[in-house]
Student: 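Below you will find the structure I want to go over with you.
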Amino acid sequence: MAQDIKRSYAKITLVVTALLVGALFASLSYFESLIEKPADKPQPPVTNENPPASKSETPPVLENLTPPSITETQPAPAPPADASTISYKDSRFITVANESYTAVFCDRGAVLSILRFVDKDGKITFARTPLHPMESPNHPLQLLSHQHLKEEFADRKPELYDPASAEFAGYWDDSLPSTFGFAGSEAWRNAVRWETSGPVVHSDHTELTFTSPADSRGVSIAKRFLIYGAHKVVCELEVRNSGAEQASPQLFLYGPVGIAENFKEFRESMLENTNTGIVALYQSGGGLSYSGDHRMFVDAAGAMAEIDEELREQGKAGRTTSVPFHKLFEPDPERELLLAGLTNGYFIAAIGMDYLPEFEGRAGADVVERPDRIARKAALEEFYTCVTFNFPETQIAPGAEPLKRRAALYVGPNSEKYIEPALAAGWPAGHDEKISWTELVPTGWPLVISGPITWLLRWLKDTTNSVGIAIILLTIIVRLCMSPLSVKGQMSMQIHGARMKKIKPKIDEIKEKYKNDKSREAQMLMFQETRAAMKAAGASFFPLGGCLPLLLQFPIFIALYNSLRHSFLLHHESFLWINDLSRPDAIYGAIESTFIGISFHGYVTLNILPLIWGAMMFIMQSRTPKATDPQQRQMQVMMTWIMNPLMILFFYALPAGFVLYFVASIMFSWIESTLVRRYLYAKGLIDDPRGASAMPGTAM
């Protein structure tokens, strides 16, 4: 009879919970409809023409983007007398498409202007994630882009897309370069037409060559682009000196042309996203080890503020627009910079050395933040965070063999699955040492736990061909490994509860004996007698055996959170009703609101997985025998009505893949706790557990 009452109570609780959730969404819809939203201001269409220049706006000086020590020692070479600048509307564009992406090159400056994830057959290889949780991604992700190519910007409205799929955008000003453009003293080369040769299609790549006019010293530069399908573009640079004097060229290449931090909400979301920022890869110990670093955009802003303060102390005016990498990352004389770039969370764009050629000196890099004013938002100041890669200075004699440098651009997923084949693509014959690009991929903290978890999840996904099934199998494996701890903790708590239940009359008798005597001596005697009674019954006064195993599982919890939060495996992967495991499993709603922090990019939706977890936890706790001790009973009430709702709120806006792990984990806990109680009953240590299940606690 008692069990029937409990089952009826559980059913009534589920019905009431469902009604409350429905009432919540109805009230949100009603109150949101009462808020008068400002009408969108009409905006002029984006044209292919240059935006009108403002009289009060001074054009930026490109030389200020390079380190002061370099600009002071490196004179600016003059362009040839017959070199005339051209605009983008007079440029020629060459399109190269392969099985992974489509790249668009421009002969004005010989730069890579567009890179979007559409293959040679016109199919989308990676789509951009919309902000609206009920919309499916159906537009190609375009990491490198340029405003002047209007037809490529048809779906580039940043306010409609997730910052985790933000583009690495181009510039608004014709005088500035796109990817693989020159900075500093070579700035004029970005505004002149280069001679073009190709494209020539090879078995594993496409080759496209550009040659610049010679400057006043007789120095000319050739760029040979090797476009591979493995999300890698190699730029082989050849510098020739046909003049009469020795030249000392130092190449400053723009890498990723910048993440546009435009629109207020969009920019704030990017700055607060710990996955979005600046990345660097270093070599240590003569190539014996590699290390990757990551900094948020706010770190770059803070470093610029420090430089500004130093300039003010020196009596110099002006705002800093760039910061050297050593101001952001730990300076170490034993480390050499190999790659520098940007990440928007799930994707990386980094430029650097494809391998280690024979030259002396160290490469450097700068982070550049530039304001931008675009035509359709003339009054809005926007910012681009960019990266410049600096090659060491080298001497080249007149008529000598051309100076050769080999740079590589990786633009693709932040995943070892894609980075490893990109590194191997086009590797020079006879050069065995390979740079470990995979160190750019974050695996989460603590590495000793998150590393194996990430590897196991990837292996399970490759084996089952389903990320959802891989997460469930990962849950079972992790829980089986943790079972010795969790089972021990449950047995300790169950036995402690059963013993406390047996000696409760004795404990109550002791409390009744001293209830009217509040003296210190009487309270000490009550404590001693209570402890003696518990010791005689085998009950611990401080039952840490049930809590300590749970505390030991917290590193597992942190490692799982970091592993799944960074994992590209979840990106746009579907499972059952879940459209994207990297986002909440929204099935209904999309109400524009920021209600109590459970919204995702400003939308509140009906997410099933957190509610399933909460309902299962509530049922398990409702079927748990009530504790005899008032303090323990109060703890049970707090877990049911305070901790569980907080955990639901915590899960609500997290990726569905992360919550799926905990739903599978609580199912495992239900089975495990039932078996533990039945085992203890068979041993005669607790009462009949049939129809009751122990509360597993916060199982990992």
Side-chain angles (χ1 to χ4, degrees), residues 47-54 57-66 70-71 74-94 104-114 144-150 152 169-197 208-223 225 235 237-240 247 249-258 321-322 351 366 368 370-375 384 386-390 407:
T47 65
N48 221 19
E49 301 297 329
N50 299 332
S54 173
E57 185 176 6
T58 304
V61 181
L62 203 60
E63 282 75 13
N64 291 340
L65 303 182
T66 57
I70 296 176
T71 55
Q74 180 71 15
D82 57 349
S84 58
T85 61
I86 60 174
S87 64
Y88 267 96
K89 63 181 180 180
D90 297 324
S91 304
R92 291 194 297 267
F93 297 94
I94 300 96
V104 180
F105 294 84
C106 179
D107 70 342
R108 180 186 180 274
V111 293
L112 175 59
S113 294
I114 294 289
L144 298 181
S145 59
H146 204 288
Q147 181 183 342
H148 289 275
L149 302 182
K150 179 181 177 181
E152 302 291 343
Y171 287 95
W172 87 104
D173 192 331
D174 280 353
S175 66
L176 297 180
S178 186
T179 307
F180 284 117
F182 291 102
S185 59
E186 302 290 346
W188 67 272
R189 298 188 191 270
N190 300 301
V192 297
R193 188 187 300 279
W194 292 45
E195 295 183 6
T196 307
S197 174
L208 183 62
T209 304
F210 296 92
T211 305
S212 76
D215 60 22
S216 57
R217 303 169 300 179
V219 175
S220 62
I221 299 177
K223 295 182 186 179
F225 290 101
C235 181
L237 293 164
E238 288 190 2
V239 183
R240 296 180 180 273
Q250 187 169 10
L251 303 178
F252 304 86
L253 290 182
Y254 271 100
V257 291
T321 58
S322 67
I351 185 176
D366 303 293
V368 183
R370 299 195 57 81
D372 177 18
R373 296 182 184 275
I374 57 178
Y384 289 92
C386 322
V387 172
T388 305
F389 191 84
N390 312 326

Student: Check F182 against L251 and note the closest heavy-atom contact, atom names and distance.
Tutor: CE2-CD2, 3.8 Å
Student: Report yes or no: does D366 contribute a side-chain atom to a donor-acceptor pair with the main-chain N or O of V368 at less than 3.5 Å?
Tutor: no
Student: For the pair W188 and D215, evaluate side chain to side chain contact (heavy atoms under 4.5 Å, CB included) and give the outcome as yes or no after the intermediate values.
Tutor: CA-CA 10 Å; W188 67 272; D215 60 22; 3.5 Å; yes
Student: Does R108 reach the main-chain N or O of N190 with its side chain, forming a donor-acceptor pair under 3.5 Å?
Tutor: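 A pair under 3.5 Å: yes.
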Student: Which heavy atom in I86 sits nearest to a heavy atom in S91, and how many Å separate them?
Tutor: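 Closest heavy-atom pair between I86 and S91: CD1-OG, 4.1 Å.
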Student: How far apart are the closest heavy atoms of G109 and W194, and which atoms are they?
Tutor: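 Here G109 and W194 meet closest at CA-NE1, 3.4 Å.
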Student: Ignoring hydrogens and geometry, is there a side-chain-to-backbone donor-acceptor pair from R193 to D90 under 3.5 Å?
Tutor: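 Yes.
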Student: Search all heavy atoms of G255 against all heavy atoms of I351 and return the closest pair with its distance.
Tutor: CA-CG2, 3.4 Å
Student: Determine the minimum heavy-atom distance between I221 and R189, stating which atoms define it.
Tutor: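 Closest approach of I221 to R189: CD1-NE, 3.6 Å.
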Student: Give me the atom names and distance for the closest heavy-atom approach of A407 to F180.
Tutor: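 The pair with the smallest heavy-atom distance is CB-CE2, 4.0 Å.
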Student: Taking side chain to side chain contact (heavy atoms under 4.5 Å, CB included) as the test, write out the residues that go with A214, two or more places apart.
Tutor: S220
Student: What's the verdict on side chain to side chain contact (heavy atoms under 4.5 Å, CB included) for K223 and T209, showing C-alpha distance, side-chain angles and the deciding distance?
Tutor: CA-CA 6 Å; K223 295 182 186 179; T209 304; over 6 Å; no
Student: Show your reasoning for whether side chain to side chain contact (heavy atoms under 4.5 Å, CB included) applies to L208 and T196.
Tutor: CA-CA 8 Å; L208 183 62; T196 307; 4.0 Å; yes
Student: Test side chain to side chain contact (heavy atoms under 4.5 Å, CB included) on V257 and V111; report intermediate values, then the result.
Tutor: CA-CA 11 Å; V257 291; V111 293; over 6 Å; no
Student: Give the ring-plane orientation class for F225 versus F105, where under 30° counts as parallel, over 60° as perpendicular and anything between as tilted.
Tutor: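 Aromatic pair F225/F105 classed tilted.
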Student: Between CG of L253 and OG1 of T388, what distance do you get to the nearest 0.5 Å?
Tutor: 9.0 Å
